[in-house]
Protein chains: 2
Amino acid sequence: MEDIDRQIVVLLAGDGRMSFTDLARETGLSVSAVHQRVRRLQKRGVIKGYSAVLDHEAVGLPLTAFVSIKPIDPAAPDDAPEKLAHLDEIEACHSVAGEESYILKVRVTSPGALEELLQQIRAAANVSTRTTVVLSTPYEGRPPRL
Amino acid sequence: MEDIDRQIVVLLAGDGRMSFTDLARETGLSVSAVHQRVRRLQKRGVIKGYSAVLDHEAVGLPLTAFVSIKPIDPAAPDDAPEKLAHLDEIEACHSVAGEESYILKVRVTSPGALEELLQQIRAAANVSTRTTVVLSTPYEGRPPRL
DNA sequence: ATCTGCCGGTCGATGTCCTCCACGCCTAGA
DNA sequence: TCTAGGCGTGGAGGACATCGACCGGCAGAT
């Protein structure tokens, strides 16, 4: 990937609604050239999409936690991600190396909702859970350097 | 916050570049009404910004890890987030309850780069680290339910 | 009951931006 | 030298964002 593509990617990672006109000005290219590069980046999957970044407190999900899960029966087939996908409170699911097999990032409205969610997770995927609640997040979703 | 604002928020969380025309069609409002609601959501900070979601492999950062940090001197002032902010490989920093004090999400190019980053983290914040490398991420950054 | 603000909506006009197409410039290979 | 392909520019059209003017309903005060 070329240097100018990297530049476009970091610009769009920083401001996903930046106009093609502005992108062109920043990169020194014409609008059309930028446009076709962005389309190519999307087609190649480098840019997977665009998203609004929310204030989770303002949106009514003030409690964030990381939930590490470990299968109760280690011999059972490991399809926890699919079994948990229907739980909208789960924002992300990472398969990890180490003691536990997955780390889930969850957002809920209250401690009570967290308790209920943990029960659902254990029941749906037949796992034990270890949860770490986040107290505050100084920063999150920062754009990469490249 | 009203129902229609929630709807706008989830639509924009799912597609951050959706046009106001499409938003208006989805919500049943006029373009102007949607426009003014979105501006209000931004002014109130409910929508903090927009971002392109990237394929981190394609962008040259194929290795993701969670780094839990714990101060070596518990009596020292706790300003780890500021001391670590200059490290661009750190995508997120959460203050957490539990054994460790922060969880960092980091993205690097290689295991070697991870090793180097860990040294920088330890040196910059005077902490010990415990890192969990992610093997794959089935999903990430899903829009909330509300 | 009427008046008065205000919030939130529609409508319409204007300027900007997106999007596509035709063309030109390099470079590589036969 | 010819040719093909990748990548850029420029322009034209239509779609879109943005703003102002106007309108209707609701609440509180007179």
Side-chain angles (χ1 to χ4, degrees), chain A residues 1-62 109 140-146, chain B residues 1-62 109 140-146:
Chain A
M1 201 175 61
E2 304 175 38
D3 216 38
I4 216 162
D5 281 330
R6 293 178 201 282
Q7 192 182 354
I8 290 173
V9 163
V10 313
L11 286 169
L12 283 176
D15 177 5
R17 285 198 88 124
M18 183 175 289
S19 73
F20 288 94
T21 306
D22 289 346
L23 280 174
R25 190 183 314 115
E26 294 285 332
T27 57
L29 267 52
S30 72
V31 174
S32 300
V34 167
H35 191 252
Q36 105 186 17
R37 277 179 182 272
V38 170
R39 265 188 310 184
R40 196 178 51 193
L41 286 168
Q42 289 175 162
K43 186 157 53 77
R44 280 196 282 164
V46 178
I47 296 175
K48 292 198 286 186
Y50 301 90
S51 175
V53 5
L54 308 178
D55 182 332
H56 295 91
E57 297 206 14
V59 98
L61 296 169
T109 61
E140 185 177 16
R142 303 200 304 175
R145 181 167 45 93
L146 305 185
Chain B
M1 201 176 58
E2 304 176 37
D3 215 39
I4 214 161
D5 282 330
R6 293 177 201 280
Q7 192 182 353
I8 290 173
V9 163
V10 312
L11 285 170
L12 283 177
D15 177 6
R17 285 198 86 123
M18 183 176 290
S19 73
F20 288 94
T21 306
D22 289 347
L23 280 174
R25 189 182 315 117
E26 294 285 331
T27 56
L29 268 55
S30 73
V31 174
S32 299
V34 167
H35 192 253
Q36 106 185 16
R37 277 179 182 271
V38 170
R39 265 188 309 184
R40 196 179 52 194
L41 287 168
Q42 290 173 162
K43 185 156 53 76
R44 279 196 282 164
V46 179
I47 294 176
K48 292 197 286 184
Y50 301 90
S51 175
V53 4
L54 307 178
D55 182 333
H56 295 91
E57 298 207 13
V59 99
L61 295 169
T109 61
E140 185 177 16
R142 303 200 304 176
R145 183 167 44 95
L146 305 187

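Order of the sequence lines fixes the chain letters, A, B, ..., with proteins taken first and strands second; residue numbering starts at 1 for each chain. These figures come from a predicted structure and were not determined experimentally.
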For the pair S51(B) (side chain) and A13(A) (backbone), establish whether a donor and an acceptor sit closer than 3.5 Å, ignoring hydrogens and angles. yes
Check: Q7(B) side chain, E26(B) main-chain N or O, donor-acceptor pair, under 3.5 Å: yes
pair L12(B)-L23(B): side-chain heavy atoms closer than 4.5 Å: yes
Can you name the ring pair (Phe, Tyr, Trp, His ring centres under 6.0 Å) partners of H56(B), sequence neighbours left out? none
Can you tell me the distance, in whole Å, between the CD atom of Q36(B) and the P atom of dT18(D)? 13 Å
Below 4.5 Å, heavy atoms only, C-beta onward: do V34(A) and I4(A) meet side chain to side chain? no
Length of the line joining H35(A):NE2 and dA15(D):P, which is rounded to integer Å: 15 Å
Show the nearest heavy-atom pair for residues A52(A) and I47(B), with the distance to one decimal. CB-CG2, 4.3 Å
Strictly below 4.0 Å, heavy-atom distances to any atom of DNA chain D: list the hits from residues 17-34 of chain A, or just say none. L29(A), S30(A), S32(A), A33(A)
Taking CD in Q42(B) as the centre, count heavy atoms belonging to other residues, nucleotides or ligands within less than 6.0 Å. Is the count above 12? yes
Hey, does the Lys NZ or Arg CZ of R17(B) hover above the aromatic six-ring of F20(A), less than 6.0 Å from the centre and inside 45° of the axis? yes
Verify the contact: side-chain N or O of R39(B) to OP1 or OP2 of dT18(D), cut-off strictly under 4.0 Å; return yes or no. no
Outermost nucleotides of DNA chain C that come under 4.0 Å of a non-hydrogen atom of chain A: dC17(C) to dC20(C)
